[in-house]
Amino acid sequence: QVQLVESGGGLVQAGGSLRLSCAASGRTLSSYVMGWFRQAPGKEREFVAFITWNSGRTFHADSVKGRFTTSRDNAKNTVYLQMNSLKPENSAVYYCAAGSARGSRWYGSEYWGQGTQVTVSS
């Protein structure tokens, strides 16, 4: 069993930055890849980025590449999503997930956090 708790969301002006955190707990964390997703009202949940615990290998969706960066702190069992140059269209509920990846492709999610709201004002 894996528990995920996101934090760090909030209201920010366009062009600003936020850093989201996802605190993970569970006995088999290292066997999972950690992913970030977002869901805006009326839209499907979309993939944002993933990172592996062991090597720190990352992959970011084209829509956020160069502005968002995911990282991890193994000692704290926490992954982060640093979001810079935010745009109003980035407003969404952001979720972290524990799952698996194949190459640069997210394969599937087994556990989800509760989500954290990010609102970017124009």
Check: Val12 and Ser17 side chains under 4.5 Å, non-hydrogen atoms:
no
Hydrophobic cluster identity match, Tyr95 and Phe47, side-chain contacts under 4.5 Å:
yes
Count I, L, V, M, F, W, Y as connected when their side-chain heavy atoms are under 4.5 Å apart, and connections chain through other members. Are Val120 and Trp36 then in the same cluster?
yes
For Tyr32 and Tyr111, take the angle between the two ring planes, folded into 0 to 90°, and tell me which bin it lands in: parallel under 30, tilted 30 to 60, perpendicular over 60.
perpendicular
So, taking the atom named NE2 in His60 and the one named CG in Leu81, what distance separates them when rounded to the nearest 0.5 Å?
7.0 Å
Please evaluate residues Arg67 and Met83 with respect to the criterion side chain to side chain contact (heavy atoms under 4.5 Å, CB included), reporting the C-alpha separation (whole Å), side-chain torsions for both, the decisive distance (0.1 Å), and the verdict.
CA-CA 6 Å; Arg67 297 188 301 118; Met83 305 185 295; over 6 Å; no
Aromatic rings Phe68 and Tyr94: how do their planes relate, parallel, tilted or perpendicular, breaks at 30° and 60°?
tilted
So, does Glu6 use its side chain to make a donor-acceptor pair with the main chain of Gln114 at under 3.5 Å?
yes
Closest approach of Ala98 to Val2 (non-hydrogen atoms, all atoms of both residues)
CB-CG1, 4.3 Å
Let me confirm one number: the OG1-CZ distance from Thr70 to Phe50, rounded to the nearest 0.5 Å.
10.0 Å
So CD of Glu89 and OG of Ser63: to nearest 0.5 Å the spacing works out to 10.0 Å
Test side-chain hydrogen bond (donor to acceptor under 3.5 Å, both in side chains) on Ser25 and Gln3; report intermediate values, then the result.
CA-CA 5 Å; Ser25 59; Gln3 293 80 42; 3.0 Å; yes
State the OG1-CG distance between Thr119 and Asn90, to the nearest 0.5 angstrom.
11.0 Å
How close do Ser55 and Thr52 get, counting heavy atoms only, and between which atoms?
OG-OG1, 2.9 Å
Determine whether a donor-acceptor pair (N or O, by modelled atom type, separation under 3.5 Å) exists between the side chain of Ser21 and the backbone of Tyr80.
no
Would you verify whether the NZ or CZ of Arg45 falls within 45 degrees of the ring axis of Phe37 while also being under 6.0 Å from that six-membered ring's centre?
no
Start with the C-alpha distance between Val33 and Arg57, add both sets of side-chain angles, then the distance that settles side chain to side chain contact (heavy atoms under 4.5 Å, CB included), and finish with yes or no.
CA-CA 10 Å; Val33 178; Arg57 181 173 69 91; 5.9 Å; no
If you measure from SG on Cys96 to CZ on Arg38, what distance do you get to the nearest 0.5 Å?
15.5 Å
